[in-house]
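Below: one structure, written as structure tokens.
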Amino acid sequence: MISSWLFGSPSEGPRDLLLREGHRGVNVTVDGHTLQVDVDALAEGSGFFLQVQSTAAEDCHLEDFPGGHTVFRDIVAFFVSKNGEYSLRVTDENVCDMLEAAWLLECPRIFDEVVGSSCVRALSSRRKVELLEHLLPFTLASSPDDGGYYERCSRDSIAPGSSAATEGSSTDVFMQICLLETQMWQRTEWAAIELATQLDSADFVLGPALATGSLRVCCELLRLRHRRDEESGYVSKAFFAVSSLWKNLTDKPLHSSGSCDAHHLALMCIRKFIAEPFEAASGESQEPGEEDIPAELCMSIPDSHLLGLARLVEHVDLSRSPANWTALLIRVLLLVGRADDARIAFAEAFPRSTQVQQLAWRATAVPAQWLAAVAHHPEACWSLLRILSHFREMQAEELCALIEDVLLEKFLQSPHCSSIVLSSKLMDEVVGACFAAGRKLRTRQNEIEGMKEQCESNGHVAPHCPAHWDGEHMLRRLCCVGVELFRVAFVPQRGFLPHSWPHRAEVPEVDGPWTSEALSSSQSSSSDVGELCRPEPVVIHVSGHCLWDEGLLELWLLHKTMDRGRALPDLTLHFGRQIIMRHLWRGHSVYCKVQRLQELWELACWPLCEDVGLIREALEYLKGSYRELHSGRRDPICEEALFRMFTALNLSLLPGPALLSPWVPAQVQVTHLLVQQEPAQQFQSELHKEVAGASESLKSLSQQCAKLSNRLNIVEQRTVINKSQISDALVALEELQRRRRDAAPKGSLKRQTT
């Protein structure tokens, strides 16, 4: 009576199962018991019997059927009964067998009947936890998330051994199987979620056992757990431990393999859907102690697979995720439109994750502007270089925004930008492309006649300026960007002169102190002028090829650069002088006019130059200009200008034989001698000042000695006076005592004597 009150009135046991009129019967053998069933009636709610119906088989064997023939007869009776006259006999002992049988026979109605039965509702929360863990693998096996759902439907629609059927009947069977498959994963997931909603909060413990279900079920379990935590107050959470202890005493304890939080459970579920198939395909297995996923997964998984993980990512704490996990989760966040969260995670994980660093330069990955937040890291500079390496495929506006907003605004203050980005060969190409865009604009406006034909004949426009960079506004903007890049990269690029660019393994410290070795390595090979004593001017031939030779860089760019170099102690002036001398020697046929040469000489600021090679090179050019000036009509103004140029050079750094030439003016020789005499005169003047200072010191010392001697004499005189006064005082005392003795009576003397 008690059981009927709890579970309702039990229905009668299954009677003899009769075939309906016109239906086909099949003999099914379960555990040695043979039963003839109505396969046409069962095919309406069972995918297994739907496949049997499509064949001509008359016998069917079910080995190791859950619950044996008793459960099988109960299920068959439930399907063949009319108008719900018969209900399943669900008990605590056979509930698990019922669930397994429903999955084996592909009967979605069985899940509804079992979970909705009064017996299951009356079970304890601990028992429902066991049923939930038992049911979750069925949700994964019947879910379309594994990718084999439609393949199973198409494979099962025509079973082997089927009779000849028309195309229409095969389509009907396929549609029925698809419908049953859909109902299977829907009802199994509903059953799992329904059991989870009936659990007590103290028994609803997240753990690896809950990660065995389908993707949707795992997301729903995490959502339910999150809602339970929000609804539970501090008092309820405090009594969870007491409630669990009481249930352990009165009920079965939980047989859980461990507990975890929502973050770890979400990672377990994601690993199950992406990492485990990869490990199974590659034959690799992860050690139990490892938590991160293989690095190959971060970029190999297509976006279509990652979209299904969006709901799981909501429960993941990105700050606690390992390096490779973070890279994968950033991709998911970008796909679902959570760019702000992805950007924060990118900045936090960039220094420690190689895969996150690769996201910055891979196609269709994170925006390049995100590198601004990690500009202080050296790997960010290398990532920016990889992005800039595709600048020819970029749109002009995109390139300008990348350089202005990222490189110049954020990376320029980085300690690694100069040595990695600005000193690279790629930066030389980018600057050349920007100035080629400006030349393209000027050519279009006919400001330089014949420039277009000349550039096309030389073949310089095509490799520098991409054809899709067009529009007057964008070309002008590119030119301005090139000027700004020229300013910041002038010293790291060594004046954009020919030189060897460093590899990644050997990055020069161009921001540090420059030694003589660095100066000599930065000089061009044109500084070698041969013998010291050459009466005739030496013509120097430049070597190499650079942007200055192509005409993309012009000397007007040096004005602001050299002005800044006069105030800063760096190599700006040194490289500027090299550029000017290369400009004078390149394509040398005649010497530059004196007026133009004087302007370049003032720009070079030669009085501050201490490089012997450059001074000798400039001297040879002035010798040639002086010889050419004397070969024609003499001009006093030009001679005076050349003389000033000669005197601007610090010729004292050169050896004497270097000036033995008739093309070095005599005034320069005299000036050189005077300059050579200047150190001796300066030394003599300093020596005279030192002697005069020493004489003054001796005089003051003798005066001090005289003062001390006078003071010593005074002290001695006072000592003699004091001695005489002391002796007089002693004599007076003795006389006083004698007088007292003489004036005293004799009796008193005796008494005193006694």
Side-chain angles (χ1 to χ4, degrees), residues 99 103 108 111 115 125 128-149 181-182 184-201 203-231 254-280 286 291-293 297 301 303-318 320-322 325-326 328-329 331-333 335-336 338 341:
L99 294 176
W103 179 79
F111 290 102
V115 177
S125 178
K128 291 179 181 178
V129 171
E130 297 178 359
L131 292 180
L132 177 62
E133 295 178 355
H134 190 76
L135 180 61
L136 283 177
F138 299 151
T139 64
L140 178 63
S142 59
S143 174
D145 291 334
D146 59 357
Y149 169 71
E181 288 278 357
T182 304
M184 274 295 295
W185 67 261
Q186 288 177 346
R187 303 325 297 168
T188 52
E189 290 182 357
W190 172 86
I193 296 172
E194 182 66 20
L195 286 175
T197 55
Q198 299 175 16
L199 299 179
D200 296 339
S201 297
D203 298 331
F204 197 170
V205 180
L206 301 180
L210 298 185
T212 57
S214 65
L215 182 63
R216 282 181 297 275
V217 171
C218 293
C219 294
E220 189 64 23
L221 292 178
L222 288 171
R223 189 186 64 81
L224 289 175
R225 179 71 262 184
H226 181 69
R227 188 173 64 184
R228 293 276 186 95
D229 294 338
E230 289 181 344
E231 294 175 353
L254 290 174
H255 299 285
S256 178
S257 58
S259 62
C260 61
D261 57 0
H263 166 76
H264 288 95
L265 181 61
L267 292 184
M268 290 180 192
C269 298
I270 297 175
R271 174 186 293 278
K272 180 181 62 178
F273 286 101
I274 61 174
E276 290 181 356
F278 170 81
E279 293 173 357
Q286 190 177 14
E291 297 182 355
D292 213 347
I293 58 174
L297 283 179
I301 300 178
D303 294 345
S304 58
H305 287 65
L306 296 180
L307 284 173
L309 306 176
R311 289 180 293 176
L312 283 176
V313 177
E314 297 177 358
H315 304 279
V316 176
D317 186 1
L318 292 174
R320 297 166 53 192
S321 302
W325 268 117
T326 306
L328 183 66
L329 297 176
R331 291 184 57 196
V332 179
L333 291 175
L335 290 174
V336 298
R338 296 173 56 185
D341 296 338

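On a predicted model such as this, the values are computed, not experimentally measured, just so you know. Every heavy atom of this structure was used, including side-chain atoms; hydrogens, water molecules and symmetry mates were not. For the single chain, residues carry numbers from 1 onward in sequence order.
Judged by distance alone, with hydrogens and angles left aside, the side-chain atoms of His263 form a donor-acceptor pair with the main-chain N or O of Asp317 at under 3.5 Å.
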Original post:
Please walk me through it: do His226 and Asp229 pass side chain to side chain donor-acceptor pair (under 3.5 Å)?
Top reply: CA-CA 5 Å; His226 181 69; Asp229 294 338; 5.5 Å; no
**OP:** For Ile270 and Trp325, run side-chain contact (heavy atoms from CB on, under 4.5 Å): C-alpha distance rounded to whole Å, both residues' side-chain angles, the deciding distance at 0.1 Å, then the answer.
**Re:** CA-CA 10 Å; Ile270 297 175; Trp325 268 117; 3.3 Å; yes
Subject >> side-chain contact (heavy atoms from CB on, under 4.5 Å) assessment of Lys128 paired with Leu132 >> reply: CA-CA 6 Å; Lys128 291 179 181 178; Leu132 177 62; over 6 Å; no
Subject >> Chi angles and distances behind the side-chain contact (heavy atoms from CB on, under 4.5 Å) call for Asp261, Arg320 >> reply: CA-CA 12 Å; Asp261 57 0; Arg320 297 166 53 192; 2.7 Å; yes
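In this structure, His315 and Leu206 have side chains that are not in contact, with every pair of non-hydrogen atoms separated by 4.5 Å or more. When side chains are defined from C-beta on, Leu210 does not count as touching Val205, because their heavy atoms never get closer than 4.5 Å. Residues Pro208 and Met268 are in side-chain contact: their nearest non-hydrogen atoms beyond the backbone lie under 4.5 Å apart.
For the pair Ser214 and Phe273, the tightest heavy-atom approach, listed with the atom from each and the gap, is C-CZ, 3.6 Å. Taking every heavy atom of both residues into account, Asp200 and Ser125 meet most closely at N-OG, 3.0 Å. The nearest pair of heavy atoms linking Leu199 to Arg228 is O-NH2, 2.9 Å. Scanning both residues, Leu135 and Ala192, for their nearest heavy atoms gives CD2-N, 3.5 Å. Here the closest heavy-atom approach between residue Gly207 and residue Cys260 is recorded as CA-SG, 3.9 Å. The two residues Ser321 and Thr326 come nearest to each other via the heavy atoms O-OG1, 3.4 Å.
The salt bridge (Lys or Arg N to Asp or Glu O under 4.0 Å) check on Arg311 picks up nothing, with sequence neighbours excluded.
Residue Leu312 holds its CG atom at 12.0 Å from CG of Leu306, rounded to the nearest 0.5 Å. Rounding to the nearest 0.5 angstrom, the gap separating the CZ atom in Arg216 from the CZ atom in Arg223 is 14.5 Å. Separation of atoms SG (Cys269) and CG (Leu309) is listed at 10.0 Å; rounding is to 0.5 Å.
Considering Leu215, Leu140, Thr139 in turn, Thr139 is the only one that fulfils the side chain to side chain contact (heavy atoms under 4.5 Å, CB included) rule with Glu189. A side chain to side chain contact (heavy atoms under 4.5 Å, CB included) with Leu136 is found for one member of Thr212, Thr188, Leu195 and no other, namely Thr212. Residue Phe204 is tested with Val129, Thr197, Leu221 for a side chain to side chain contact (heavy atoms under 4.5 Å, CB included); the sole match is Leu221.
Taking the six-membered ring where the residue is Trp, Trp103 and Phe138 present parallel rings, their angle staying beneath 30° rather than reaching 60°.
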